[in-house]
Amino acid sequence: MLALPAVRALQALAPELRALLAVLLLDLRRDARERSEKNWKARKAFMAAYWSVVAVYAGHIAGALSNQQSGRRTPKMIVRQDGYPDLAARDWTEASDFYAARRDHSGLGASRFPDASVLLADIPVGRISYNGRIWPPTPWQRDMQPIHDNRIATPDRPQTRQL
């Protein structure tokens, strides 16, 4: 797969775009591994194998992108919000949790507490709304699905607070 022209085209991208793609692919790999393990436990072998393959491909492509960065580390997610210092988060859940903690500490309501942006390599990849959900950085639409929904339990956070 790494010898395909599309991978070479990805390697030719600007370093900040390669870093962004590498981080997103590593996140995809982590999610796919979790889904694979869940399906193995549920004895759904075909779905477990599918998610396992997704994880391998995502990891290989991320590796091809990060190997071309001449030793540069992949960027952390940055939570940027007007009037507050930036925060470095390791994943979507932590970015949402940081925002929620800041919101709760402020005591401000939805009309006064600003949304935050999630950035990778200084590129906006999400927007955190007052309820802590992370949305695509595009204008909101009725049928839009969140990138990260803090109401859904994850292996590292079994129960979340809902607003």
Side-chain angles (χ1 to χ4, degrees), residues 1-42 44-82 84-100 115-129 132-157 160:
M1 180 183 73
L2 298 178
L4 294 173
V7 174
R8 288 194 300 276
L10 287 171
Q11 290 172 334
L13 293 173
E16 59 276 356
L17 289 177
R18 287 197 315 266
L20 171 64
L21 287 171
V23 169
L24 293 173
L25 285 163
L26 291 173
D27 190 50
L28 174 67
R29 180 182 68 176
R30 183 185 51 76
D31 286 342
R33 282 182 176 169
E34 289 173 6
R35 288 173 185 247
S36 177
E37 290 173 17
K38 181 180 175 184
N39 280 290
W40 278 122
K41 289 177 183 172
K44 296 179 178 178
F46 289 112
M47 288 306 297
Y50 169 81
W51 286 113
S52 183
V53 169
V54 169
V56 169
Y57 283 161
H60 282 295
I61 296 169
L65 291 170
S66 60
N67 286 343
Q68 296 296 316
Q69 293 179 26
S70 47
R72 292 173 59 181
R73 298 180 67 178
T74 55
K76 295 257 186 212
M77 288 185 173
I78 301 295
V79 177
R80 184 164 291 159
Q81 187 177 15
D82 289 342
Y84 295 91
D86 290 352
L87 298 169
R90 70 176 176 268
D91 57 23
W92 301 107
T93 300
E94 192 172 75
S96 175
D97 289 347
F98 284 164
Y99 177 87
D115 287 354
S117 294
V118 178
L119 299 112
L120 284 170
D122 257 354
I123 299 170
V125 294
R127 179 186 56 80
I128 308 176
S129 60
R133 288 182 210 121
I134 303 176
W135 303 89
T138 57
W140 189 83
Q141 298 172 9
R142 180 181 291 271
D143 61 345
M144 186 178 281
Q145 296 294 313
I147 294 170
H148 171 77
D149 192 337
N150 58 345
R151 299 172 298 176
I152 298 173
T154 60
D156 58 331
R157 187 171 58 161
T160 58

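Since the model is a prediction, treat every value here as computed from it, not as a measurement.
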Check your understanding: Do R18 side-chain atoms and L10 backbone N/O form a donor-acceptor pair below 3.5 Å?
Key -> no

Revision key, fill the gap. What one should report as the nearest heavy-atom pair of A116 and Y99 is CB-CD1, 3.7 Å

Exercise for review: Could you tell me which residues satisfy side-chain hydrogen bond (donor to acceptor under 3.5 Å, both in side chains) with R29, sequence neighbours excluded, listed by chain and number?
Suggested key: none

Review point. With sequence neighbours left out, what residues match A88 under side-chain contact (heavy atoms from CB on, under 4.5 Å)?
Key: K76, I78

Study note, to complete from the structure: Sorted by chain and residue number, the salt bridge (Lys or Arg N to Asp or Glu O under 4.0 Å) partners of R33 (sequence neighbours excluded) come out as none

Point to revise | Point-to-point distance, once rounded to the nearest 0.5 Å, from CG of D91 to NE2 of H148 | key: 8.0 Å

Practice item. Search all heavy atoms of A48 against all heavy atoms of S36 and return the closest pair with its distance. Key: O-OG, 2.9 Å

Review point. At their closest point, which heavy atom of A95 faces which heavy atom of A89, and how far apart are they?
Key: N-CB, 3.6 Å

Exercise for review: Would you give the length of the straight line joining atom OG1 of T93 to atom CE of M77, rounded to the nearest 0.5 angstrom?
Suggested key: 9.0 Å

Point to revise | salt bridge (Lys or Arg N to Asp or Glu O under 4.0 Å) against R80, all qualifying residues, sequence neighbours excluded | key: D86, D122

Study note, to complete from the structure: When every non-hydrogen atom of R127 is compared with those of P136, the smallest separation belongs to CB-O, 4.3 Å

Side-chain donor-acceptor pairs under 3.5 Å in residues 50-61, sequence neighbours left out?
none

Point to revise | CG on L26 to CG on L21, rounded to 0.5 Å | key: 11.0 Å

Check your understanding: Does P137 have any side-chain contact (heavy atoms from CB on, under 4.5 Å) partners at least two apart in sequence or in another chain, and if so, which?
Key -> P124

Check your understanding: K44: what forms a side-chain contact (heavy atoms from CB on, under 4.5 Å) with it, not counting sequence neighbours?
Key -> N39, A42, M47

Point to revise | Results of side-chain hydrogen bond (donor to acceptor under 3.5 Å, both in side chains) for D27 - residues two or more places apart only | key: R30, W92

Check your understanding: Which of these passes side-chain contact (heavy atoms from CB on, under 4.5 Å) with I128: I134, I147, D115?
Key -> I134

